[in-house]
Participant: 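Dropping a structure here in structure tokens format, bear with me for questions.
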2 protein chains.
Amino acid sequence: MTAAANQSGRRPTTSRRLERAGIRDVAAAAGVSITTVSDALNGKGRLPDETRSRVREVAERLGYRPSAAARTLRTGRSGLIGLTVTTYGEEPFTFTEFAYFAEMARAATSAALGRGYALVVLPASSRHDVWSNVALDGTVVIDPADQDPLVSELYRSGVPVVSDGKPGNCPVTAWVDNDHEAAVLNILDHLSEAGARRIGLLTGTSTDTYTRLSTDAYLGWCDRVGQEPVYEAYPAHDPAAGAVAADRLLARPDRPDAVYGLFDPNGTDLLAAARRYGLRVPEELLLVCCSESDVYAGTEPPITTLSLKPRRIGTTVVNLLIDAIEGVDSGTGVDIARLFPPRYRTAGTGPPPGTLMPTELIVRASSQRRSPRTTVSPPRPPGEV
Amino acid sequence: MTAAANQSGRRPTTSRRLERAGIRDVAAAAGVSITTVSDALNGKGRLPDETRSRVREVAERLGYRPSAAARTLRTGRSGLIGLTVTTYGEEPFTFTEFAYFAEMARAATSAALGRGYALVVLPASSRHDVWSNVALDGTVVIDPADQDPLVSELYRSGVPVVSDGKPGNCPVTAWVDNDHEAAVLNILDHLSEAGARRIGLLTGTSTDTYTRLSTDAYLGWCDRVGQEPVYEAYPAHDPAAGAVAADRLLARPDRPDAVYGLFDPNGTDLLAAARRYGLRVPEELLLVCCSESDVYAGTEPPITTLSLKPRRIGTTVVNLLIDAIEGVDSGTGVDIARLFPPRYRTAGTGPPPGTLMPTELIVRASSQRRSPRTTVSPPRPPGEV
DNA sequence: TTGTCATGGAGAAACGTATCTTCAGCCCCG
DNA sequence: CGGGGCTGAAGATACGTTTCTCCATGACAA
């Protein structure tokens, strides 16, 4: 039972193509055990620097690359993070449809790579065949559905899940969202101060968190101020429906003298509709829409936009997720509490913990009747969710 | 990390270890061997349907999910495909900067998922720590650098690589690209027919394939037709430099009466510059630019654009890659030949095999002095590369 | 009876790594 | 002189699959 006898029968088959060098090959070439190789390469164990560097050199010479699969199997960590966008239409991804998603995904990818993780793009559909085929350390879910079965299963099976957008009824490890309520109230106040008497809303028919929270904030504001709500809803994922809804809103008998549009294309659509009805902006119609696009800096007139700061969200979501992954080694969740910034955090002990982030209102000519200067709203203090 | 924070009852039921059920547990529960379980679940082996369905039912009841890591280790297949975009600035990704990348990536993701693969986004930098940490069945490289060390190493280590954009000096399994030369010649002919006497070019300073091929085609055309080249080059990744270059081009003493811009923002930049110089489009200046954005259908006037059909490219690239992954089991490349369509394929036996795809010219008012009607150019027959 | 198949299924060997445990020396102190 | 602690490194096991090999059984023909 010598070591030589043990190692002799490694590859009796004819090696016509050259196999990738494994850790055994490195060990043999360096004249040490595989334990020593592993320790030397991973900076563990007790080894003199001389042995360490020698092993490293041999590994380099042999072009040794550790097998990611084997390492994942052994350590239980893959370094992979799932990224999911809820699908609207037939296409599984809405990346480019809304600039918000694209920017958010880009930031998330960067943040993950910066911490040594890679992002895997996965469909929100709960097709097991796809999901169970990839070992995930955690998952980012953008805009989760109200009762997402996929998220529930992931969470139940112990995979950390962090969502962009406050989740409805599915449990998540943590979530991050913009302070949509504060943002809408801020905009309504802003329009009021600019002289608006009746503010209309262009909103969506879907039930996602963003649409719901924003609409509710609008309705609450109207109720508080004593204005009759004036709004039109349309399916946000339909590119053509937005223009129709904008037209409808301005055709109403109780036509508003200011409009906030919840979705990116609303700005141009409203502008076009206003032109059709001969309404001058901002003299006769004040305009604000939510958008990440800078085309609104160049429209005639430039349009005030609300930015959801997708990059900040994406970075935060990923960092939260990786913190959860690396902080929780056993099955039970621990230590997540310290990861959240002191402000903008839900106080209660009840899960899941969430973080609200401030938005940014970029004021342009379309919402000001005086001097159109670009300015930035200060972040609002955190309110209750 | 106080004990209180630690004890904050997160998941009360997880006090005992709720280990994921393994294949052994399923085998024990079903009263069969793990071999039978594996065969039953994977549709292999010789088993009566009764056993098969019973095992499947037990597995379902136990919530059994095979370990992706173990399967990958055993089979050598991960179901993961890398997606890389060459980085321009500090940001690792240019996804949103150019709509082409975003659309292409989206199509590639869809195509991969449709065939059971998932895409993992990776940086083009050759940081081993990231790349070697994930088991890849193959890689898509968008716009590879002229002598990409990363691509070379991947290819050498046997990982199939398919590139979007004809590679310069690095070996790839296959590549797909638009027929840039044909596209440019087509545009120049189109502008000539519309009455252009001196056609200018707005191009980039970088050395990627797209820029190089397009510029060369332009220079060759000028030489053939006997026109003095009139062009300005600028760093394409600099968002501000484009407007300056457009201005410079129209400020030249030998001002062109038609311009083709190679990059997406050139259309609006050229339009703005033309306005500054009081040039009417298309009466005094014909305009075409390469873009995937549909904003050019709504500009004043609408601008003729060249579409690179990113979705078609993305789908083709991924299908080619997966064909290579599944068709080539040994190290040496085989069988790839049959995968390529008979047309648009390089004839020679020498690797790497490439596919040229036709582009689409969407003709709008900016490049026509007569009746501005939208039409589509027929695909050109394949020429030599 | 004996051999040949076909059927249904079990055993065990990988896959390549990380890590827990053990062990041989060696020095030093009592 | 004996043992405790430290250093350097090897052995062995486990991770959870897939799959190759092989065996038991019974039916059927020779």
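Chain A is the first sequence line, chain B the second, and so forth, proteins listed ahead of strands; every chain is numbered from 1.
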Participant: Any side-chain N or O of A:T35 less than 4.0 Å from the OP1 or OP2 oxygen of C:dA18?
Facilitator: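 It does not, given that no N or O in the side chain of A:T35 lies less than 4.0 Å from OP1 or OP2 of C:dA18.
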Participant: If we fit an axis to the first five pairs and another to the last five of the helix from C:dT1-D:dA30 to C:dG30-D:dC1, what angle do they make, to the nearest 10°?
Facilitator: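 Axis-to-axis angle, ends of the helix: 70°.
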Participant: Among side-chain atoms of B:S33 and B:T36, is any donor-acceptor pair under 3.5 angstrom?
Facilitator: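 A pair is found: one side chain offers a donor N or O, the other an acceptor, under 3.5 Å apart.
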Participant: Please report the distance, rounded to the nearest Å, between CZ in B:R20 and P in D:dA14.
Facilitator: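 Answer to the nearest Å: 20 Å.
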Participant: Quickly work out the A:R65 CZ to C:dT17 C1' distance and round it to whole Å.
Facilitator: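 Computing the A:R65:CZ to C:dT17:C1' distance gives 16 Å.
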Participant: Provide, to the nearest angstrom, the distance between the CZ atom belonging to A:R77 and the P atom belonging to C:dA18.
Facilitator: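 The answer, rounded to whole Å, is 14 Å.
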Participant: Going by an N to O cut-off under 4.0 Å, is there a salt bridge joining A:R54 and A:E50?
Facilitator: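 Salt bridge: yes.
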Participant: If the threshold is 4.0 Å, N to carboxylate O, is there a salt bridge linking A:R65 and B:E153?
Facilitator: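 Yes, charged N to carboxylate O under 4.0 Å.
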Participant: Between A:S67 and C:dG16, is there a side-chain N or O to OP1/OP2 distance below 4.0 Å?
Facilitator: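 For A:S67, the contact criterion (side-chain N or O under 4.0 Å from OP1 or OP2 of C:dG16) is not met.
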Participant: If you assign A:I34 and A:R46 each to the DNA chain C nucleotide with the nearest heavy atom, which residue ends up on the more 5' nucleotide?
Facilitator: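 The residue whose closest nucleotide sits nearer the 5' end is A:I34.
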Participant: When the distance from CZ of A:R71 to C1' of C:dA18 is rounded to whole Å, what number comes out?
Facilitator: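 A:R71 atom CZ is separated from C:dA18 atom C1' by 9 Å.
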Participant: Please report the closest heavy-atom contact between A:P160 and A:L321, naming both atoms and the distance.
Facilitator: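 The answer is O-CD1, 3.6 Å.
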Participant: Other residues, nucleotides and ligands only: do more than 12 of their heavy atoms fall within 6.0 Å of CD on B:E60?
Facilitator: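 Counting neighbours around CD of B:E60, 12 or fewer heavy atoms of other residues, nucleotides or ligands fall under 6.0 Å, so no.
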Participant: May I ask you to verify if any side-chain N or O of A:S38 is less than 4.0 angstrom from the OP1 or OP2 atom of C:dA18?
Facilitator: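 So the side-chain polar atoms of A:S38 do come within 4.0 Å of the phosphate oxygens OP1 or OP2 of C:dA18, strictly under.
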Participant: Rounded to the nearest angstrom, tell me the gap between atom CZ in B:R52 and atom C1' in C:dG8.
Facilitator: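 Rounding to the nearest Å, CZ of B:R52 and C1' of C:dG8 are 11 Å apart.
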Participant: Less than 4.0 angstrom between a side-chain N/O of A:K44 and OP1 or OP2 of C:dA18, yes or no?
Facilitator: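 For C:dA18, neither OP1 nor OP2 has a side-chain N or O of A:K44 closer than 4.0 Å.
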Participant: Between A:D39 and A:L73, which is nearer to the 5' end of DNA chain C once each is assigned its nearest nucleotide?
Facilitator: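 Residue closer to the 5' terminus by nearest nucleotide: A:L73.
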Participant: Distance check: side-chain N/O of A:T51 vs OP1/OP2 of D:dA9, anything under 4.0 Å?
Facilitator: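 Indeed, a polar side-chain atom of A:T51 lies that close.
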Participant: Using whole Å, report how far CG of A:D25 lies from P of C:dG16.
Facilitator: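 Distance check: A:D25 CG to C:dG16 P gives 9 Å.
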Participant: Is A:R77 paired with A:E326 through a side-chain N to carboxylate O contact shorter than 4.0 Å?
Facilitator: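 The answer is no: the pair does not qualify as a salt bridge.
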Participant: Is there a side-chain polar atom (N or O) of A:T72 under 4.0 Å from OP1 or OP2 of C:dT17?
Facilitator: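 A:T72 to C:dT17 OP1/OP2: no side-chain N or O under 4.0 Å.
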Participant: Write down the atom of B:T173, the atom of B:Y155, and the distance for their closest heavy-atom approach.
Facilitator: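 Result for this residue pair: N-CE1, 3.7 Å.
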Participant: Without decimals, in angstroms, what is the distance between A:I23 CD1 and D:dA10 C1'?
Facilitator: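 Distance check: A:I23 CD1 to D:dA10 C1' gives 13 Å.
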Participant: Without decimals, in angstroms, what is the distance between A:N42 CG and C:dG16 P?
Facilitator: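 Between P of C:dG16 and CG of A:N42: 17 Å.
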Participant: Does a side-chain N or O of B:S33 approach OP1 or OP2 of C:dG11 to a distance below 4.0 Å, or not?
Facilitator: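 Negative; the distance criterion is not met.
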